[in-house]
There are 2 protein chains.
Amino acid sequence: MNQATGAPGTSRPGGRTARVREAVLRAAGDALADKGIGGVDLAEVARLAGVGKTTVYRRWGTVPGLVADLLAEMAESSLPRARTGALETDLAALAGLILKTLTDERQGPLFKAVIAAAASDPQTAAALHRFYRVRIDEWAPCVAEAAARGDVPAGTDADEVVRALSAPLYYRFLVSGDPLDPDTAARAAAAAAAAARAGAYA
Amino acid sequence: MNQATGAPGTSRPGGRTARVREAVLRAAGDALADKGIGGVDLAEVARLAGVGKTTVYRRWGTVPGLVADLLAEMAESSLPRARTGALETDLAALAGLILKTLTDERQGPLFKAVIAAAASDPQTAAALHRFYRVRIDEWAPCVAEAAARGDVPAGTDADEVVRALSAPLYYRFLVSGDPLDPDTAARAAAAAAAAARAGAYA
DNA sequence: CTTCTAAAGGAACTTCAGTTCCGTTAATCT
DNA sequence: AGATTAACGGAACTGAAGTTCCTTTAGAAG
């Protein structure tokens with residue numbers, strides 16, 4: 001007597017269920033990347049994934065629900081931070097990583113679509129915030145180590161420095177439409193380091 | 001013989017046509033602010049505006065088309081910049097203005113929806129970029145004047161300083177979900193000023 | 001290997017956003 | 001003031017996204 005207590009996929013997560021999830025998330029990522037959030041319908045995703053549309057509607061229900069699951073998947077495959085030994089170079093490495101992600105053929109449009117989805121759906125927003133919480137936690141130690149070395153004032157808010165570095169890249173990407181190039185990334189890293197040294201985040 | 005050469009509303013823009021446009025844009029703003037981009041349909045907007053839905057479909061066609069027109073309208077009512085006489089205080093005034101806009105009951109959700117729409121629609125994106133081009137052009141002179149006074153290095157990129165100030169606020173608003181408060185705004189202004197003085201934008 | 005049932009799949013159905021058609025209203029020009 | 005026609009508006013129509021119902025497949029347990 002093993003009744004289904006939760007959502008579909010929780011009680012028998014192995015084998016076929018896992019293959020279906022993988023195929024659907026992959027197809028969803030493809031569709032999001034090339035049509036954006038408005039252009040995705042679940043029946044199309046099901047067709048691309050080679051899966052019955054009933055299955056997609058039953059397990060994910062709506063486009064934002066599917067996007068939230070996709071984000072949870074993406075959070076798992078987060079890269080480890082750089083350890084160059086100096087604040088400026090660590091931050092430059094992070095800026096380069098963000099630049100590479102946002103300008104990537106597939107990842108860029110995907111992030112754009114996901115952030116757009118989060119703007120109008122609380123479930124997606126929560127998943128997005130968790131995603132960036134993980135990223136910031138991964139990279140903040142760069143700043144903490146710099147503080148320990150005395151490169152930035154004691155009491156500097158490490159999270160804030162990471163955000164300050166990321167922000168200009170995302171701002172261009174989402175809001176102003178100004179170009180995103182290695183120069184921009186380098187300047188974002190340099191500016192964050194300079195402001196941190198000046199004690200703007202203490 | 002005055003045949004209609006352009007889109008509806010171009011050949012007889014006065015009177016009723018203008019009233020309809022005003023009512024529809026107002027209703028569209030309300031709907032966007034409280035349902036977000038995904039939750040708006042043109043028939044509902046028409047009903048709220050007290051206008052035939054055929055009219056809305058004929059003149060604006062799609063939700064992004066309507067949003068683009070709304071943005072063009074918003075760009076007209078841009079506020080003049082502050083002139084406090086010092087870089088830090090000018091930048092603090094701008095940060096305060098952005099904070100006020102993004103946390104406003106109506107304007108905040110509206111901006112969120114509009115930026116989300118721009119993520120998947122080129123027409124909306126173009127309108128959004130024009131909007132921020134206007135804002136940056138309005139405020140960049142603060143930095144140029146500071147450079148003339150010798151407060152920041154000669155050759156500092158004024159536009160870049162304004163973006164650097166705006167970015168952390170928008171990043172929190174759209175991406176990370178961290179709180180937006182006067183403290184954050186003050187820190188964004190201080191950091192932009194510090195980085196500019198250090199020559200990070202020269 | 002057999003049993004049990006969670007999860008997938010197919011097909012018909014429903015609902016509603018978006019379109020089309022055509023009659024009505026009112027802005028502009030003489 | 002009267003004529004012209006751009007633009008509005010109501011109502012019926014269309015098509016596809018999303019739902020429901022029932023059957024089939026295959027993962028987990030004994």
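Throughout, a chain's letter reflects where its sequence line sits, starting with A, and its residues are numbered from 1. Every heavy atom of this structure was used, including side-chain atoms; hydrogens, water molecules and symmetry mates were not.
- Rounded to an integer number of Å, the gap from B:Arg47 CZ to C:dG18 C1' is 17 Å.
- Between its two ends, the helix from C:dC1-D:dG30 to C:dT30-D:dA1 turns its axis by 50°, counting five pairs per end and rounding to 10 degrees.
- Contact annotation: A:Thr55 reaches the phosphate of C:dG9 (side-chain N/O to OP1 or OP2, under 4.0 Å).
- The pair B:Arg133-B:Asp159 meets the salt-bridge criterion, since a charged nitrogen lies less than 4.0 angstrom from a carboxylate oxygen.
- Counting distance only, with no hydrogens placed and no angle test, the side-chain atoms of A:Thr54 and the base atoms of C:dG9 include no donor-acceptor pair under 3.5 Å.
- Inspection of the B:Tyr132 and A:Tyr171 side chains reveals no N or O donor paired with an N or O acceptor under 3.5 Å.
- Rounded to an integer number of Å, the gap from CH2 of B:Trp60 to P of C:dT19 is 15 Å.
- Among all heavy-atom pairs drawn from A:Ala140 and A:Ala158, the shortest one is O-CB, 3.6 Å.
- Side-chain atoms of B:Thr62 and base atoms of C:dG18 include no donor and acceptor less than 3.5 Å apart.
- With rounding to the nearest 0.5 Å, the separation of CG in A:Leu71 from CZ in A:Arg130 is 9.0 Å.
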(request) Assess whether salt bridge (Lys or Arg N to Asp or Glu O under 4.0 Å) is satisfied between B:Glu160 and B:Arg163, documenting all intermediate values. (result) CA-CA 5 Å; B:Glu160 193 61 25; B:Arg163 286 190 206 106; 2.6 Å; yes
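- Between B:Ala191 and A:Ala195 the shortest heavy-atom distance is O-CB, 3.8 Å.
- With rounding to the nearest 0.5 Å, the separation of CZ in B:Arg135 from CE in B:Met74 is 8.0 Å.
- Rounding to whole angstrom units, CZ of residue B:Arg16 and C1' of C:dA26 are separated by 5 Å.
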Could you list the donor-acceptor pairs under 3.5 angstrom formed by side chains in residues 111-120 of chain B, with sequence neighbours left out?
none

Under 3.5 Å, N/O pairs linking protein and nucleotides 16-18 of chain D:
unit_1, atom_1, unit_2, atom_2, d
D:dG18, OP2, A:Tyr57, OH, 3.0
D:dG18, N7, A:Lys53, NZ, 3.0
D:dG18, O6, A:Lys53, NZ, 3.1

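- Heavy atoms of B:Arg59 sit under 4.0 angstrom from primed sugar atoms or phosphate atoms, though from no base atom.
- Residue B:Arg19 has no polar side-chain atom (N or O) positioned under 4.0 Å from OP1 or OP2 of D:dA7.
- The CZ atom of A:Arg58 sits 12 Å away from the P atom of C:dA6 (whole-angstrom rounding).
- Counted by atom type alone, B:Thr184 and B:Asp181 present one or more donor-acceptor pairs between their side chains at under 3.5 Å.
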